[in-house]
Visitor: 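Please see the structure below; I have some questions.
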Amino acid sequence: MRFRSLVLALLLMTTATTALAAQSAAVETAAQKDARMAWWRDARFGMFIHWGLYAVPAGTWKGERVEGLGEWIMNEAQIPRDEYAQLARRFNPTQFDADDWVRIAKDAGMKYIIITSKHHDGFANFDSKVSSYDIVDATPYHRDAIKALASAAHRAGLRFGVYYSIMDWHHPDAQGPNYPNYNSRTATNPNFSRYVETYMKPQLRELITQYPEIDVLWFDGEWIPDWSDEQGKSLYAWLRGMRPSLIINNRVGHSRQGMAGMSANKDAPGDFGTPEQRVPPQGLPGVDWETCMTLNDTWGFQSFDDGWKDTRTLVRLLVDAASKGGNFLLNVGPTAQGVIPPQSVSRLREMGDWMRANGEAVYGTTASPYGLPAWGRYTAKTSAGRVYAHVFDWPKDRRLTLTGVKAKPRAVYLLADRKPLVVEQAADGWTVQLPVVPPSAISSVVVLETGN
Ligand code: FHN
């Protein structure tokens, strides 16, 4: 009897504390939110990692190429649940080296890493007690990839987060029964709340409690008819109740407007918007947002996808996002052996070369105060009284018109050599006399000391 009342008291206490913490998280002041989001806003550039069983077939099923995204092969090839689950026996990433992945990200100039802990296919890259469909129990590898990467990231001073799909093509109480169209936009599951309460939330609690390094939760697969903004709000409060410092994307809710990435209604849950495969033309003024982008045309590894973007395009996309006040989350899709494709590594290394010389004009900056110039972009560091002009197209006549700049800058110089440049008043505004050769073929940064 005494033992039962003790357990009851403990249970009541934990729910009370979680509820209390949820309340306090919910009533966060603007200053508290700014403090919580500060590292994320300063970071500007992160690595997205899509990795899981889909890397085994790598886009080919029974000898046939399967069009579409690599990580969607279970749905695109209409693979029965149990047949797809057999892939776990062939998932043995012996070449997976967490420190190597972290080094590739850090050398690229990335400040945080977000990896898929569970994608739509339901397979978990971590040791889950509520499921045996995970990397420790179901594969010959038997080791926890999330644990390895979380500690490697923090050892290297990078922040860490996990992607988690609300949609689950494996679970019988979720979208498992939708076979062959797992991604049905109409089918609902009468037992979905059981999936949420006895599987999804316990897994999220495992992630939050087993991996203290997790700073970000990146939800996806929220478009299913069984999910709603209301459920998203309570999940958000529950998670922040467990870890108030967490940052959670807007896909915890249900009303994301597709690839544009923002939620339809203002009080939808989540801390930042998630435009996908695009940088919004005018950014998303007034909110935190992060563009996620593939390096080629797929998120999960696909052996034949060679649609690789070039480094210049990638750096300019990063600068474009920063110039509009947004982050850039660039994806890699490692192989089933645990290797990040060389085409990704070389582009990330080249981005790193540019970031080592110009990172000051990206990290900790805010959106352009002067709009979008034709020749490139602006980023600002108001606290330092500085604006950075990112010159994509070096003017043939070496005269750079500082579009939008009203007051004459106190000083102007190239970030590369900090040598003063001449600024003249011209009919079309303040004009900077540039040297013949641009310091970078990708984007050359001219610093404007605005002093305000
Ligand atoms: O369906 C997923 C897709 O596989 C990938 O994970 C992207 C990444 O943001 N999100 C979904 C499509 O919007």
Side-chain angles (χ1 to χ4, degrees), residues 46-56 71 84-106 110 112-166 168-171 195 198-221 239 242-243 245-248 299-301 331-340:
M47 176 183 270
F48 211 176
I49 305 176
H50 277 69
W51 194 43
L53 296 186
Y54 38 80
V56 174
E71 71 281 4
Y84 182 89
Q86 300 306 313
L87 291 171
R89 298 201 188 145
R90 296 162 52 198
F91 188 62
N92 191 11
T94 50
Q95 295 176 54
F96 167 54
D97 175 346
D99 291 312
D100 182 48
W101 288 12
V102 168
R103 185 185 49 71
I104 291 167
K106 190 166 185 174
M110 294 162 153
Y112 60 105
I113 292 177
I114 309 286
I115 182 171
T116 50
S117 66
K118 189 195 79 159
H119 202 265
H120 307 331
D121 63 1
F123 176 78
N125 277 329
F126 63 101
D127 184 13
S128 174
K129 297 293 176 284
V130 294
S131 168
S132 57
Y133 191 44
D134 68 38
I135 193 169
V136 172
D137 301 317
T139 77
Y141 186 69
H142 295 311
R143 275 165 284 161
D144 187 327
I146 298 288
K147 183 173 279 303
L149 199 63
S151 46
H154 271 226
R155 269 199 309 277
L158 269 63
R159 292 284 187 142
F160 181 78
V162 291
Y163 165 114
Y164 188 93
S165 176
I166 295 169
D168 190 314
W169 299 335
H170 182 81
H171 200 287
Y195 157 77
T198 65
Y199 191 86
M200 184 170 97
K201 288 173 79 172
Q203 282 200 323
L204 291 168
R205 181 191 288 282
E206 287 174 332
L207 286 165
I208 300 280
T209 51
Q210 282 173 202
Y211 312 97
E213 302 90 346
I214 291 179
D215 304 298
V216 178
L217 272 179
W218 212 100
F219 285 98
D220 202 11
L239 291 163
M242 272 191 291
R243 170 133 358 125
S245 63
L246 262 182
I247 294 176
I248 302 172
W299 302 91
F301 179 68
N331 184 77
V332 296
T335 65
Q337 290 68 39
V339 177
I340 295 178

Visitor: When you measure from the side chain of K118 to the backbone N and O of Y164, does any donor-acceptor pair fall under 3.5 Å?
Guide: no
Visitor: Quick one: closest heavy-atom pair of G122 and H170, and the distance?
Guide: CA-CB, 4.2 Å
Visitor: I'd like to check V136 versus F126 (side-chain heavy atoms, cut-off strictly below 4.5 Å). Are they in contact?
Guide: no
Visitor: Do I115 and I146 come close enough that some side-chain heavy atom pair is under 4.5 Å?
Guide: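 SC-SC contact between I115 and I146 confirmed.
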Visitor: Hey, is the main chain of T335 close enough, under 3.5 Å, to the side chain of W51 for a donor-acceptor pair?
Guide: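 Side chain of W51 to backbone of T335: a pair is present.
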Visitor: To the closest 0.5 Å, what do you measure between CG (L239) and CD1 (I248)?
Guide: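 So the gap between those two atoms works out to 4.5 Å.
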Visitor: With the side chain counted from C-beta on, respond yes when N92 and Y141 share a heavy-atom pair under 4.5 Å apart, and no when they do not.
Guide: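 When only atoms from C-beta onward are counted, Y141 and N92 do touch, with a gap below 4.5 Å.
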Visitor: If we check side-chain contact (heavy atoms from CB on, under 4.5 Å) with I214, which of these qualifies: I247, T209, L207?
Guide: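 The passing option is L207.
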Visitor: Does the side chain of P334 reach to within under 4.5 Å of the side chain of V339, using non-hydrogen atoms?
Guide: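 Side-chain contact under 4.5 Å: no.
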Visitor: Go through the steps to decide whether D97 and R103 satisfy the test salt bridge (charged side-chain N to carboxylate O under 4.0 Å, His left out), and finish with yes or no.
Guide: CA-CA 10 Å; D97 175 346; R103 185 185 49 71; over 6 Å; no
Visitor: What residues, two or more places apart in sequence or in another chain, satisfy side-chain hydrogen bond (donor to acceptor under 3.5 Å, both in side chains) together with S128?
Guide: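 Q203, E206.
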Visitor: Hey, does the side chain of Y195 reach the backbone of I166 with a donor-acceptor pair shorter than 3.5 angstrom?
Guide: yes
Visitor: Take a 6.0 Å sphere around CZ of R89 and say whether it holds more than 12 heavy atoms from other residues, nucleotides or ligands.
Guide: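 Check fails, neighbour count at 12 or below.
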Visitor: Which value, rounded to the nearest 0.5 Å, describes the distance between S165 atom OG and M200 atom CE?
Guide: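 With rounding to 0.5 Å, OG (S165) is 9.5 Å from CE (M200).
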Visitor: So, applying side chain to side chain donor-acceptor pair (under 3.5 Å) with D121, which one of Y54, W169, Y133, Y84 is it?
Guide: Y84
Visitor: State the OG1-CZ distance between T94 and R143, to the nearest 0.5 angstrom.
Guide: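 Output value for this atom pair is 8.5 Å.
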Visitor: Taking H120 for the side chain and D168 for the main chain, is one N or O donor matched with an acceptor at less than 3.5 Å?
Guide: no
Visitor: For the residue pair D127 and K147, establish whether any side-chain heavy-atom pair is separated by less than 4.5 Å.
Guide: no
Visitor: Without swapping roles, check the side chain of W101 against the backbone of G338 for a donor-acceptor pair under 3.5 Å.
Guide: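 Such a contact is found between W101 side chain and G338 backbone.
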Visitor: Is the side chain of N125 donor-acceptor paired with the backbone N or O of A145 at a distance under 3.5 Å, no angle test?
Guide: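 Side chain of N125 to backbone of A145: no pair is present.
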Visitor: Do D215 side-chain atoms and F160 backbone N/O form a donor-acceptor pair below 3.5 Å?
Guide: yes
Visitor: Is the closest side-chain donor-acceptor distance between H50 and T116 under 3.5 Å?
Guide: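 There is no such pair between these side chains.
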Visitor: Report yes if the distance between the aromatic ring centroids of Y163 and H119 is under 6.0 Å, otherwise no.
Guide: yes
Visitor: When rounded to the nearest 0.5 angstrom, what distance separates CG in D220 from CH2 in W299?
Guide: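 Here the rounded value is 9.0 Å.
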Visitor: Would you indicate whether the side-chain heavy atoms of V332 and M47 approach each other to under 4.5 Å?
Guide: yes
Visitor: Taking side chain as C-beta onward, heavy atoms only, is D99 less than 4.5 Å from R155?
Guide: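 Side-chain contact under 4.5 Å: yes.
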Visitor: Any donor-acceptor pair under 3.5 Å linking the side chain of R90 with the backbone of V56?
Guide: no
Visitor: Between F96 and I135, is there a side-chain heavy-atom distance shorter than 4.5 Å?
Guide: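 Not touching, per the 4.5 Å side-chain cut-off.
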